[in-house]
Amino acid sequence: MSVLDAPVGAAPGRAANENLVPVFVRLKLTLLRNGLRQSAGRRAAYIASVVVTLLLAAGQLIGLIALRGNAHTGSLVVLLAAVLAVGWAVMPLFFPSGDETLDPSRLVMLPLRPRPLISALLASSLVGIGPLFTLCLTAGSVFAVARGAAGAVFAVVAAPLALLVCVALARAVATANTRLLTSRKGRDLAVLSGLVIAVGFQVVNFGAQRLGRAGGLSALDPVADVVRWLPPASAIGAVDSASRGSYGPALAQLLLSVAALVALLWLWQRSLEKLMTTPDGSTLAAAGPGREKAGKGGSGLAALLPQGRTGTVMERSLRYIARDPKTKAAWVTALAIGLIVPILNALQGTGSVYFACFAAWMLGIQMYNQFGQDTSAFWMVALTISSTRDAYLELRARALALLLITLPYTIVVTVVTAALLDDWAALPEVMGLSFALLGGMLATGAVASANFPYSIPQEGAFKNVAPGQAGLAWISIFGGMVSAGLLCAPAIAATIWLHVADHEQWLWLLLPVGAVYGALISWAGLRAAAPRTADRLPEILAAVSKG
């Protein structure tokens with residue numbers, strides 16, 4: 001019976017909410033089948049993804065089965081369940097359009113009640129590649145640790161329970177953020193998915209190195225002892241506890257996952273009720289007291305910026321960082337990776353305070369291709385540049401906007417790295433080198449922006465260079481970084497000489513010297529780039545507007 005076929009005399013919402021589970025499952029299958037009929041390429045991509053997923057699931061399943069009998073397998077499987085839960089929780093935020101068939105905003109006009117709708121959506125959410133992959137991993141996990149009759153009984157309940165918790169968690173998060181994910185700011189999250197992948201790889205690499213040095217799975221036990229009490233990992237932990245004869249803790253761990261499932265379904269229902277009954281922001285008045293107040297002059301950081309062209313350009317650059325998806329993604333990635341590399345190396349005990357210079361290098365890259373982030377809107381900037389001085393003021397203001405973030409960030413990363421390594425004696429020289437490197441990056445970035453501009457396409461989350469301009473991008477970035485290294489050679493040479501000549505007592509001078517030297521070379525670079533920018537405005541406009 002279709003949800004739209006309720007008789008006219010039926011009680012409101014009663015017939016429309018009967019047998020929703022099979023209706024929604026058939027709807028999911030029908031939409032999936034019709035989508036695959038659209039093109040052969042789409043069918044091939046889907047089949048290839050299914051094959052790859054099944055191969056990965058089979059490999060994981062075989063590996064977990066092979067670990068059966070290992071004394072520390074229980075620690076591994078509960079951590080695996082926790083990782084699965086985190087993946088299910090964050091994926092809807094970065095891929096909100098990955099499952100349009102379950103978008104609850106498409107159902108707000110139908111006579112459906114939230115409670116039966118939750119059951120139907122949960123059942124239809126179990127149809128897909130992701131749930132199949134998760135079920136294979138949970139089944140392999142419980143098989144790897146289940147021993148005896150009690151372990152088998154708990155395993156039969158724990159595997160589907162862990163899957164239901166993961167799916168309910170994903171749907172609750174997606175429903176609570178439906179309007180955010182369908183807005184411009186929400187779509188920006190998809191651009192930042194590359195950051196999550198990069199950070200995830202660094203964390204996995206760090207964990208693998210720690211695990212290898214520890215000599216086996218026993219290194220996982222301390223963390224697993226805590227994680228096994230967190231749903232849905234607690235469901236897998238219950239099987240391990242029951243297999244070892246700890247029936248009380250096993251029952252408590254299983255009940256924790258059941259309670260988590262009930263709580264998630266309740267939160268999902270509340271979010272669904274709010275979504276289906278609360279008016280959207282687009283239906284509200286466009287103008288309000290807050291908007292009128294916001295339009296009366298600058299406020300916040302804008303009020304602290306200098307007056308005139310410098311403040312205007314700085315505010316524009318900061319707005320690009322906050323609002324433009326590509327610029328925001330580049331900055332957030334640079335901030336995260338610039339912190340992760342020195343911190344992880346310090347935590348591993350193999351790092352050096354000099355790794356903190358990596359933060360200045362990552363953020364200094366943002367000075368390259370300054371005009372490319374403007375895309376075709378650069379013509380409005382070009383209209384304001386009629387002389388070398390105008391070009392210099394434009395470049396200087398952009399560099400100052402970058403320094404507002406880069407200088408305090410570089411100081412924080414250097415101090416944190418020195419604190420983790422307990423090497424405070426090296427702090428002044430490393431900070432001085434970072435300032436010199438940052439000055440070199442600003443100088444060469446300004447010159448590269450004037451001589452090798454390229455367009456940044458707006459479409460595609462990971463498409464950062466327009467077709468035919470890849471060579472310009474390589475020359476701009478890598479050529480500029482080599483030049484920045486050469487500009488920093490005097491500071492590096494001074495550091496080496498003071499160490500070799502056993503003049504460590506004078507190393508603190510590298511901090512003020514590096515700061516002054518970095519300021520001088522950045523000023524020289526801006527001065528050198530200004531006439532090139534003023535003379536090449538038509539070429540720059542054509543290059544950045546290509547995409």
| Going through the distances and angles, do Leu61 and Leu137 end up as a side-chain contact (heavy atoms from CB on, under 4.5 Å)? | CA-CA 6 Å; Leu61 185 60; Leu137 291 188; over 6 Å; no

| said: What I'd like to find out is whether the side chain of Gln366 reaches to under 4.5 Å of the side chain of Thr327, using heavy atoms alone. | reply: no

| message | Looking at every heavy atom in both Ala123 and Val21, which two are closest together, and how far apart are they? | response | CB-CG1, 3.6 Å

| query | Are any side-chain N or O atoms of Ser455 and backbone N or O atoms of Val544, one a donor and one an acceptor, separated by less than 3.5 Å? | reply | yes

| message | Test side-chain contact (heavy atoms from CB on, under 4.5 Å) on Ile321 and Ile405; report intermediate values, then the result. | response | CA-CA 11 Å; Ile321 297 172; Ile405 302 173; 3.8 Å; yes

| request: Give a yes or no on whether the backbone of Gln370 and the side-chain of Arg398 come within a donor-acceptor separation of less than 3.5 Å. | output: yes

| said: If I take atom CD1 from residue Ile118 and atom CG from residue Leu267, how far apart are they, to the nearest 0.5 angstrom? | reply: 10.5 Å

| task | Decide yes or no for Thr138 and Thr134: does some side-chain heavy atom of the first lie under 4.5 Å from some side-chain heavy atom of the second? | result | yes

| message | Looking at every non-hydrogen atom in both residues, tell me the closest pair between Arg171 and Ser125 and how far apart they are. | response | CD-OG, 3.5 Å

| query | So do Leu339 and Leu335 actually touch side chain to side chain, heavy atoms under 4.5 Å? | reply | no

| note | So NZ of Lys28 and CZ of Arg33: to nearest 0.5 Å the spacing works out to 13.5 Å

| said: Within the 4.5 Å heavy-atom criterion, are Thr53 and Leu132 side-chain neighbours or not? | reply: no

| query | Counting distance only, does the side-chain N/O of Tyr409 pair as donor-acceptor with the main-chain N or O of Leu363 below 3.5 Å? | reply | no

| note | For Ala224 and Val78, the nearest pair of non-hydrogen atoms, with its separation, is CB-CG2, 3.7 Å

| For atom CZ of Arg270, is the number of surrounding heavy atoms from other residues, nucleotides or ligands below 6.0 Å larger than 12? | no

| said: Pair Gln269, Leu117 - check side-chain contact (heavy atoms from CB on, under 4.5 Å), show working. | reply: CA-CA 9 Å; Gln269 180 180 336; Leu117 185 58; over 6 Å; no

| query | When rounded to the nearest 0.5 angstrom, what is the spacing between OG in Ser141 and CG in Leu64? | reply | 5.0 Å

| query | Considering all heavy atoms of both residues, which atom of Ala359 and which atom of Val413 are nearest to each other, and what is their separation? | reply | CB-CG1, 3.9 Å

| Is there a donor-acceptor pair under 3.5 Å between the side chain of Thr406 and the backbone N or O of Leu402? | yes

| Are any side-chain N or O atoms of Thr73 and backbone N or O atoms of Leu67, one a donor and one an acceptor, separated by less than 3.5 Å? | yes

| said: Here's a test for you: under side chain to side chain contact (heavy atoms under 4.5 Å, CB included), which of Val165, Leu264, Leu84 qualifies with Pro232? | reply: Val165

| query | Can any side-chain N or O of Ser234 pair as donor or acceptor with the backbone N or O of Gln253 at less than 3.5 Å? | reply | yes

| Would you say Trp229 and Pro249 make side-chain contact, with heavy atoms under 4.5 Å? | yes

| message | Using side-chain contact (heavy atoms from CB on, under 4.5 Å), reason through Tyr320 and Asp374 one step at a time and then give a plain yes or no. | response | CA-CA 9 Å; Tyr320 274 140; Asp374 297 351; 3.0 Å; yes

| request: Say whether, by atom type as modelled, one donor and one acceptor occur between the side chain of Asn369 and the main chain of Tyr454 under 3.5 angstrom. | output: yes

| remark: When every non-hydrogen atom of Ala168 is compared with those of Leu122, the smallest separation belongs to N-CD1, 4.3 Å

| Once you round to the nearest 0.5 Å, how far does CG of Leu256 lie from CG of Leu261? | 12.5 Å

| query | Roughly how far, to the nearest 0.5 Å, is the CG atom of Leu265 from the CG atom of Leu121? | reply | 11.0 Å

| message | Which heavy atom of Pro131 sits nearest to which heavy atom of Leu126, and what is that distance? | response | CB-O, 3.5 Å

| Got a donor-acceptor contact below 3.5 angstrom from the Ser243 side chain to the Arg147 backbone? | yes

| said: I need the Trp88 CH2 to Leu169 CG distance, nearest 0.5 Å. | reply: 10.0 Å

